[in-house]
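Sequential numbering from 1 along the given sequence is applied to the chain's residues.
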Amino acid sequence: MNSPWDVQTLADRGDQHEEILYAAVGRALSRWEELQEDLADLFAGFVGSRKRVHDSNSPACRAYGSIPNFNTRADMLSAAADAFFENFNRPDLRDNCKEMIKQCRGFATRRNEIAHGTRELIPSLGNLLVPAYYNSRKYAGDDNPAYRYSSKEINYYEGMFATLIDLVRQLEGQVYEVRNGTDP
């Protein structure tokens with residue numbers, strides 16, 4: 001494993017009860033959506049909002065949410081950040097922002113696997129989340145899945161999503177301080 005968003009090793013043991021796996025999936029996906037909300041607020045700060053909005057009627061948040069896939073949203077966030085940092089010379093924040101977006105892009109693939117995986121009961125292993133069989137890109141020629149998650153692996157990713165939320169919120173606070181002229 002080279003980066004924290006790389007696929008963890010294939011789980012060698014699944015969950016005894018499918019409900020445990022399903023609960024982990026739900027928590028991870030909810031945490032990812034929380035991250036998306038914070039990224040929308042960060043985008044609003046980059047494009048001109050002077051206060052954290054967390055508001056579905058915010059034009060910036062609506063624009064962010066109108067984009068259907070994360071990579072395009074990340075491109076939009078990067079473009080807004082570049083323009084912001086052209087106006088406010090903060091190389092430290094720019095570097096933190098670039099790293100945060102890189103991490104979000106990496107973890108977006110894991111989020112998609114969690115969202116689009118299917119539960120499979122493997123008698124010798126237990127309940128696991130694997131790619132659907134029709135998704136040939138996620139299976140090697142020997143029929144091995146690209147990922148096989150138990151709640152343990154999914155909980156790891158949920159924790160990483162939570163760490164990203166903390167990074168985004170910290171950056172978001174700094175961006176609003178800079179925008180409002182209250183940066184120490």
Side-chain angles (χ1 to χ4, degrees), residues 1-43 52 54 56 61 64-78 96-173:
M1 184 170 81
N2 297 325
S3 62
W5 55 82
D6 286 344
V7 172
Q8 303 293 292
T9 58
L10 295 179
D12 57 359
R13 184 177 178 100
D15 295 295
Q16 184 175 5
H17 302 287
E18 65 185 60
E19 292 80 12
I20 295 170
L21 184 67
Y22 287 137
V25 168
R27 283 190 306 273
L29 293 178
S30 290
R31 187 76 65 210
W32 182 264
E33 288 305 307
E34 188 178 345
L35 173 63
Q36 289 290 333
E37 287 180 329
D38 288 318
L39 290 171
D41 286 343
L42 179 59
F43 176 75
R52 291 181 174 174
H54 232 63
S56 63
C61 289
Y64 181 87
S66 71
I67 306 302
N69 85 32
F70 179 74
N71 282 326
T72 305
R73 272 188 238 124
D75 290 344
M76 190 169 77
L77 187 62
S78 290
N96 290 346
C97 183
K98 285 181 186 259
E99 178 60 26
M100 178 273 301
I101 292 172
K102 176 182 172 183
Q103 289 185 36
C104 286
R105 285 182 191 276
F107 281 112
T109 302
R110 302 294 80 83
R111 176 268 174 209
N112 289 341
E113 291 169 349
I114 294 167
H116 300 289
T118 185
R119 182 202 60 99
E120 183 175 339
L121 175 58
I122 301 173
S124 62
L125 299 177
N127 291 282
L128 293 155
L129 191 73
V130 298
Y133 282 111
Y134 69 83
N135 191 344
S136 58
R137 292 177 302 135
K138 294 290 185 175
Y139 281 91
D142 58 1
D143 205 31
N144 286 322
Y147 63 90
R148 184 172 67 206
Y149 300 143
S150 70
S151 61
K152 177 184 172 188
E153 290 77 23
I154 296 168
N155 289 339
Y156 165 80
Y157 292 124
E158 184 218 347
M160 295 308 293
F161 300 166
T163 298
L164 277 174
I165 289 167
D166 292 341
L167 289 173
V168 171
R169 288 179 181 170
Q170 180 181 7
L171 182 60
E172 183 184 346

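Remark: Glu153 CD to Leu128 CG distance equals 8.0 Å, nearest 0.5 Å. In this structure, CZ on Phe107 lies 9.0 Å from CG on Asp6, to the nearest 0.5 angstrom. With rounding to the nearest 0.5 Å, the separation of CG in Leu21 from OG in Ser150 is 7.5 Å. A distance of 12.5 Å separates CH2 of Trp32 from OH of Tyr157, quoted to the nearest 0.5 Å. With rounding to the nearest 0.5 angstrom, the OG atom of Ser151 is 3.5 Å from the CG atom of Asp15. In this structure, the separation between CE on Met100 and OG on Ser78 is 8.0 Å, given to the nearest 0.5 Å.
Side chains of Arg27 and Asn155 form a contact here, defined as non-hydrogen atoms less than 4.5 Å apart. Side-chain contact between Thr163 and Gln103: absent, with no pair of heavy atoms (C-beta onward) separated by less than 4.5 Å. Using a 4.5 Å heavy-atom threshold, the side chains of Tyr156 and Tyr149 count as separate. Contact annotation: the side chain of Phe70 never approaches that of Leu35 to less than 4.5 Å [non-hydrogen atoms, C-beta and beyond].
The side-chain contact (heavy atoms from CB on, under 4.5 Å) test with Ile101 is passed by exactly one of Val168, Leu171, Leu77: Leu77.
For the residue pair Ser30/Glu33, the side-chain donor-acceptor check at 3.5 Å is not satisfied.
The nearest pair of heavy atoms linking Pro131 to Pro145 is CD-CB, 3.6 Å. Between Cys104 and Leu39, the shortest heavy-atom contact is SG-CD1, 4.2 Å.
In this structure, Asp75 pairs ionically with Arg105, as a charged nitrogen and a carboxylate oxygen lie closer than 4.0 Å. Taking a cutoff of 4.0 Å between a charged side-chain nitrogen and a carboxylate oxygen, Arg169 and Glu34 qualify as a salt bridge.
Within 6.0 Å of the CD atom in Gln16, the count of heavy atoms belonging to other residues, nucleotides or ligands does not exceed 12.
Side-chain N or O atoms of Arg148 include one that pairs as donor or acceptor with a backbone N or O of Ala11 at under 3.5 Å. For Tyr147 (side chain) and Glu113 (main-chain N/O), a donor-acceptor pair under 3.5 Å exists by modelled atom type. Under the 3.5 Å distance criterion, the side-chain polar atoms of Arg73 are matched with a main-chain donor or acceptor of Ile67. Although no hydrogens or angles enter the test, the distance criterion places no donor-acceptor pair under 3.5 Å between the side chain of Tyr64 and the main chain of Leu42.
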Assess whether side-chain contact (heavy atoms from CB on, under 4.5 Å) is satisfied between Met160 and Arg110, documenting all intermediate values.
CA-CA 11 Å; Met160 295 308 293; Arg110 302 294 80 83; over 6 Å; no

With side chain to side chain donor-acceptor pair (under 3.5 Å) as the criterion, how do Thr109 and Asn112 come out once you've worked through the C-alpha distance, each side chain's angles and the decisive distance to 0.1 Å?
CA-CA 5 Å; Thr109 302; Asn112 289 341; 5.6 Å; no

Stepwise side-chain contact (heavy atoms from CB on, under 4.5 Å) check, Phe161 with Arg111
CA-CA 9 Å; Phe161 300 166; Arg111 176 268 174 209; 4.0 Å; yes

Atom pairs and distances, donor-acceptor, side-chain atoms in residues 114-126, under 3.5 Å, two or more places apart:
| from | atom 1 | to | atom 2 | distance (Å) |
| --- | --- | --- | --- | --- |
| Arg119 | NE | Tyr22 | OH | 3.3 |
| Arg119 | NH1 | Asn127 | OD1 | 2.6 |
| Glu120 | OE1 | Tyr133 | OH | 3.2 |
| Glu120 | OE2 | Tyr133 | OH | 3.3 |

